[in-house]
Number of protein chains: 2
Amino acid sequence: MVRYHKQTRILVAIDCIIFGFDGTELKLLLVQRGLEYEKGKWSLMGGFIQKDEDFSRGSARILKELTGLEGVYMEQLYAFGEVNRDPIERTVSVAYFALIDIHQYEKQLNEDYHAEWFPIKDTPKLIFDHQQMVDMAKEKLRYKAAFHPILFELLPEKFTLPQLQSLYEGIFDYQFDKRNFSRKLQSTKLLVKQKDKDKESSKKGAFYYKLDKRRYAANFHAFLNLIPNPGNLK
Amino acid sequence: MVRYHKQTRILVAIDCIIFGFDGTELKLLLVQRGLEYEKGKWSLMGGFIQKDEDFSRGSARILKELTGLEGVYMEQLYAFGEVNRDPIERTVSVAYFALIDIHQYEKQLNEDYHAEWFPIKDTPKLIFDHQQMVDMAKEKLRYKAAFHPILFELLPEKFTLPQLQSLYEGIFDYQFDKRNFSRKLQSTKLLVKQKDKDKESSKKGAFYYKLDKRRYAANFHAFLNLIPNPGNLK
DNA sequence: ATAATAAGTGTTTTTTTTACAATTAATAAT
DNA sequence: ATTATTAATTGTAAAAAAAACACTTATTAT
């Protein structure tokens, strides 16, 4: 087989940033590093890409191996290429991120795995450049959320308006007006009201909604000024 | 030196997507591939990352080597990791892109290099997955242009409002209303009117403007609905 | 002097966004 | 059974932004 000559071949890693939402708070999933050097320190879920594996397969495999999570839709965040970002050996890392419904994956994420959810505002020190990765992912989540009515595939199947608002408030660390928030979402016509209610969080109960997937697919790129004064975003 | 064991090391390439604007039309810079296999075919400017080189140095070096261009600010687009994207040998490619003022770099891009500008709407067939890269870069350019008042570092030093409008019209392939476009831009207070005019394109001449860099830096993330009905974007 | 060309500019209407508070449904306590 | 409690739900008016629309102006060439 022909190959390119005299070129440097480099380790390529994938790191997964998994945000979770439990209906109230935004959290970050972390594991304790298994490899030598910094072993035991908190870290994103990471591993090396294999010979015949592309990024999406690789990221799915790594997430599965380290947390048990399957079927999580991840999106590419950024490729990190600093020469000394991994002190053991030069490694390029392609970071992937997702936002999932914590409850939906509760069972998969069992005791066998040493993965833990941390409140996004109270995370431990991370190895290498992982904090930088998390910060960038938060920024990207905000950016997307600011202009897209729904956080993509990232929502639970069924959700209430107060939950959705909490999610946005978690992401933006800001309080929104209930009436205006609701009106803007309804105006997208992407929400289908269900007949049942979530009674967990109030006596009255809040109606569930589902995403109208047909409309959403047809309207993937619909922009919406969901938060007031987006110009105030950092 | 310690290394990670039993892991696959892979070639990492950088490919550069350079859009250019000549005051009228949006163009794409291409070169004829120098390496064997598909030699002579049109291609993005690409090369392998070297041992002690990070992405930004690497992309600058590759662009310089193949086109003579220096000092171009590029931004990371996406990492492409399909297993067989390069038929010679597995290669991961990190794509970088930029939008530059064609006239400003005219001298650097001389006959020594076999780089050519193509109208964005009339580009030749490209090797590998380079067309996919270009398409994604166009999409990202649109996304940025839709919400950011000025195309970042991507503008010529001095520009006229009609030129800027042409640029946006090129990017969006859509005609805007002069009055509304002008009013929206002026409302950002980021433009400083100059005393001289560009007399190239009309008898009356159009006043030059410069970007207020102080304000821009302070306001980097300001969002602005610069195009009508952004929801109509694909 | 006049014609030709593209730049520059204002107003009205419509739509969107914002600010703001009372009512309702369900349950728990008395 | 009544009442208290809690959080969900809903409307309106004022302000701001966006969109639609066409004439005037500066300059050069004829």
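Chain naming here is simple, since letters A, B, ... match the order of the sequence lines and numbering starts at 1 in each.
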Using whole Å, what does the distance between atom [atom2] of nucleotide [N] and atom [atom1] of [X] come to?
{"X": "Lys184(B)", "N": "dG10(C)", "atom1": "NZ", "atom2": "C1'", "result": "17 Å"}
{"X": "Leu185(B)", "N": "dG8(C)", "atom1": "CG", "atom2": "C1'", "result": "14 Å"}
{"X": "Lys197(A)", "N": "dT6(D)", "atom1": "NZ", "atom2": "C1'", "result": "13 Å"}
{"X": "Phe181(B)", "N": "dA20(D)", "atom1": "CZ", "atom2": "P", "result": "16 Å"}
{"X": "Gln165(B)", "N": "dT9(C)", "atom1": "CD", "atom2": "P", "result": "14 Å"}
{"X": "Phe207(A)", "N": "dA26(C)", "atom1": "CZ", "atom2": "P", "result": "7 Å"}
{"X": "Glu200(B)", "N": "dT27(D)", "atom1": "CD", "atom2": "P", "result": "16 Å"}
{"X": "Phe176(B)", "N": "dG8(C)", "atom1": "CZ", "atom2": "C1'", "result": "19 Å"}

(message) Can you tell me if Lys204(B) touches the phosphate of dG8(C), counting only side-chain N or O atoms and a distance under 4.0 Å to OP1 or OP2?
(response) no

(message) Taking 4.0 Å as the cut-off, does a side-chain nitrogen or oxygen of Lys178(B) come that near to OP1 or OP2 on dA22(D)?
(response) no

(message) Just to verify, which of Gln131(A), Gln132(A), Lys138(A) counts as forming a side-chain hydrogen bond (donor to acceptor under 3.5 Å, both in side chains) with Asp135(A)?
(response) Gln131(A)

(message) Using modelled atom types and a 3.5 Å cut-off, is there a donor and acceptor pairing between side-chain atoms of Gln76(B) and backbone atoms of Val94(B)?
(response) no

(message) Has Gln165(B) got a side-chain atom pairing as donor or acceptor with Phe176(B)'s backbone, closer than 3.5 angstrom?
(response) yes

(request) Scan Leu167(B), Asp198(B), Leu191(B), Asp101(B) and name whichever one has a side-chain contact (heavy atoms from CB on, under 4.5 Å) with Phe159(B). (result) Leu191(B)

(message) Taking the ring centre of each residue, are Phe21(B) and Phe19(B) less than 6.0 Å apart?
(response) no

(message) Regarding Ser201(A), tell me which of base, sugar-phosphate or nothing describes its non-hydrogen contacts under 4.0 Å with the strands shown.
(response) sugar-phosphate

(message) Nearest to the side chain of Ser202(A), heavy atoms from C-beta on, is which of dT27(C), dG8(C), dA8(D)?
(response) dA8(D)

(request) Would you indicate which nucleotide in dA8(D), dT5(D), dG8(C) comes nearest to any side-chain atom of Ala206(B)? (result) dG8(C)

(request) Classify the side chain of Arg183(A) and the base of dG11(D) as holding, or not holding, a donor-acceptor pair under 3.5 Å. (result) yes

(request) Classify the side chain of Asn180(B) versus the base of dA20(D) as yes if they form a donor-acceptor pair under 3.5 Å and no if they do not. (result) yes

(request) Could you check Lys193(B) against Lys199(A) and say which one's nearest nucleotide on DNA chain C is further toward the 5' end? (result) Lys193(B)

(message) Pick the closest DNA chain D nucleotide for Gln186(A) and for Arg179(B) by heavy atoms, then say which residue is nearer the 5' end.
(response) Gln186(A)

